[in-house]
Amino acid sequence: MRYRALGETGLTVSEIGFGCASWWGKKAFDEAQALSLVHAALDHGVTFFDTGAAYSGGEAEPRLGRALRGRALHDVIVATKAGTFHDGRRVARDFRPSAIVASVERSLRNLGMEALPLLQLHGPAVPELNDEMLGALEGLKQRGLVRAIGANSFDPAVIEHIIGLPSFDVVMVDYNVLRPERAGLIDRASSRGKGVLAGMALAMGHANGQVLRLRAPRDVWYALRALKNHRSDIAKGALFGFLGDLPDMTAAQAALAYVLADENVSCAVVGTTRMAHLIENLAASGSTLTPTVLAQIRQAQGLE
Ligand SMILES: NC(=O)c1ccc[n+]([C@@H]2O[C@H](COP(=O)([O-])OP(=O)(O)OC[C@H]3O[C@@H](n4cnc5c(N)ncnc54)[C@H](OP(=O)(O)O)[C@@H]3O)[C@@H](O)[C@H]2O)c1
C-alpha cells in the first residue's frame, strides 16, 4: 500500500481508503463479515476509513467503532460526517452549529474515540457555512475533539466556495472516470493546501457494469439505488466496458488507477461487501495505466 499526505493537515493516508457506508453498514449485512473486511483492510495497510453519522441508517458508525475496538490505531485516520442523521425513516439534515457539535460528541461515543482525526460536513449549503458555523468548527478543534475539518459535496459550486475558506483542511469530491470535469476543481483545492478525497472512486460500481450484476440481495439494493439516483451514470459507465478487457488489471483496478493518477488526490475511497473485491481494490495501489488505455478513457469521456 502506498501513502499520501492529506493536504497540509500533517496527516498521512493510505491511497486507497475503505468506505464504511451503504450495504456494509446495514444490519442486513452480517456483522462478522463486515468486521472481517475492516480487519483485512487494516492488515493490508489501509489507514483511512470513511463513515458518517447518517450512513446505513445510522448503523455504519457504531459498526466501525466495534470493528476498530482493540486494534492499534496510531496511524489510522477515521473520518466521519456531521450535518445529516437518520431519523428512523430517512436521512435528515441539521446544520445548526449546535447540532454539528452534538453530532461530533455522539460520533466519538459511537466510534469509541477521544478525538476525530477528520470531521467532514456532509453536503452543506453555502449559506450554512457562516461565521457561527466556522466558529463552532474552530471550537471543536480547540477542545481537541477534532483534528482536521473537511466537507463533502458533489456540488462543484459548494466545493469551490469551501476551497476559499481557511477553516477547511479537506474536501471530498465525486471523482472517477465518469467525472473528469472535477480535475480542475481538485487542482485548485490542492493548490490552496486542501487534502482531496475521491468519494465514489468506483462511481458506485457504475464504471464497470458491476452495479447491474445481481448475485445477492445486496446487489439488488445497489442496483435500485443506481436506478433511482444515478441513472445517467449507468449509461455513461457502459462506455467504459473496455476496462474489463485489460490484460494486466481488472476494471475496478483500472478505475482506481485513473483516480490515483491525479497526484492531487490523497485517497480513493471505496466501499465493498466482498473480500475478493477488497483484495482486488487494494492491489490497485501503485498500478499505472498505459498511455493507450489513458487515451481510450479520454475518448470514452468525450475528451479526444
Ligand atoms: N458523502 C456521500 O454522500 C458519499 C457518497 C458516496 C460515497 N461516499 C463515500 O465514498 C465511499 C465509496 O463510494 P462508492 O461510490 O464506492 O459507493 P459504495 O456505496 O461504497 O458502493 C461501492 C460499490 O462498488 C462495488 N465494488 C467495490 N469494489 C468492487 C470491485 N472490485 N469490483 C466490482 N465492484 C466493486 C460494491 O459492490 P460489492 O459490495 O459487491 O463489492 C458497491 O456496489 C463510500 O463508501 C462512502 O464512504 C460518500
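Whatever order the structure lists them in is the order used to number ligands and atoms, beginning at 1. What you see is a predicted model, and the numbers here were worked out from it, not measured in a lab.
Of the listed options Asn229, Leu197, Val269, Val269 places a heavy atom closest to atom 12 (C) of ligand 1. In the candidate list Ala21, Cys20, Gly17, Ala268, Ala21 is nearest to atom 44 (C) of ligand 1, counting heavy atoms.
Each of the atoms 18 (P), 19 (O) of ligand 1 lies under 4.0 Å from some heavy atom of Ser22. Each of the following atoms of ligand 1 lies closer than 4.0 Å to a heavy atom of Leu202: 26 (N), 27 (C), 28 (N), 29 (C), 35 (C). Counting the atoms of ligand 1 from 1 in the order shown, those under 4.0 Å from a heavy atom of Thr273 are 38 (P), 39 (O), 40 (O), 41 (O). If you number the atoms of ligand 1 from 1 as listed, the ones under 4.0 Å from a heavy atom of Arg274 come out as 38 (P), 40 (O). In the vicinity of Ala252, heavy-atom distances shorter than 4.0 Å reach the ligand 1 atoms 30 (C), 31 (N), 32 (N). Of all atoms in ligand 1, listed by their number and element, those nearer than 4.0 Å to a heavy atom of Glu280 are 31 (N).
Within the 4.5 Å cutoff, no side-chain heavy atoms of Leu185 are placed close to those of Tyr175.
When only interatomic distances are considered, the shortest N/O to N/O separation between His122 and ligand 1 falls below 3.5 Å. Close N/O approach between Asp50 and ligand 1 is found [any backbone or side-chain N/O within under 3.5 Å].
Not close to ligand 1: Gln253, with no non-hydrogen atom less than 4.0 angstrom away. Distances shorter than 4.0 angstrom occur between a heavy atom of Arg225 and an atom of ligand 1. Under a 4.0 Å heavy-atom criterion, Tyr55 is in contact with ligand 1. For the pair Phe154 and ligand 1, a heavy-atom separation below 4.0 Å is found.
Of the heavy atoms in Asn281, only side-chain atoms (C-beta onward) come closer than 4.0 Å to ligand 1. Proximity of Lys81 to ligand 1, defined as any heavy-atom pair under 4.0 Å, is confined to the side chain (atoms from C-beta onward).
Under the 4.5 Å side-chain contact rule for hydrophobic residues, Leu35 and Leu278 do not share a cluster.
More than 12 heavy atoms of other residues, nucleotides or ligands sit less than 6.0 Å from atom CZ of Arg4.
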Derivation of the side chain to side chain contact (heavy atoms under 4.5 Å, CB included) call for Val259 and Leu202: CA-CA 9 Å; Val259 169; Leu202 282 185; over 6 Å; no

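Judged by distance alone, the side chains of Glu280 and Thr250 do bring a donor and an acceptor atom under 3.5 Å apart. No donor-acceptor contact under 3.5 angstrom links the side chains of Ser56 and Arg63, judged on distance only.
Taking 4.0 Å as the cut-off between side-chain N and carboxylate O, Arg96 and Asp94 count as a salt-bridged pair. A salt bridge between Asp169 and Lys141 is present, with a side-chain N of the basic residue lying under 4.0 Å from a carboxylate O of the acidic one.
Ring geometry, Trp24 versus Phe18: the interplanar angle exceeds 60°, so the pair is classed perpendicular (tilted spans 30 to 60°).
Leu11 belongs to a hydrophobic cluster whose remaining members, ordered by chain and number, are Leu6, Val13, Phe48, Ile77, Leu118, Val170, Met172, Leu197, Val269; membership requires side-chain heavy atoms of ILVMFWY residues under 4.5 Å apart, directly or through intermediates.
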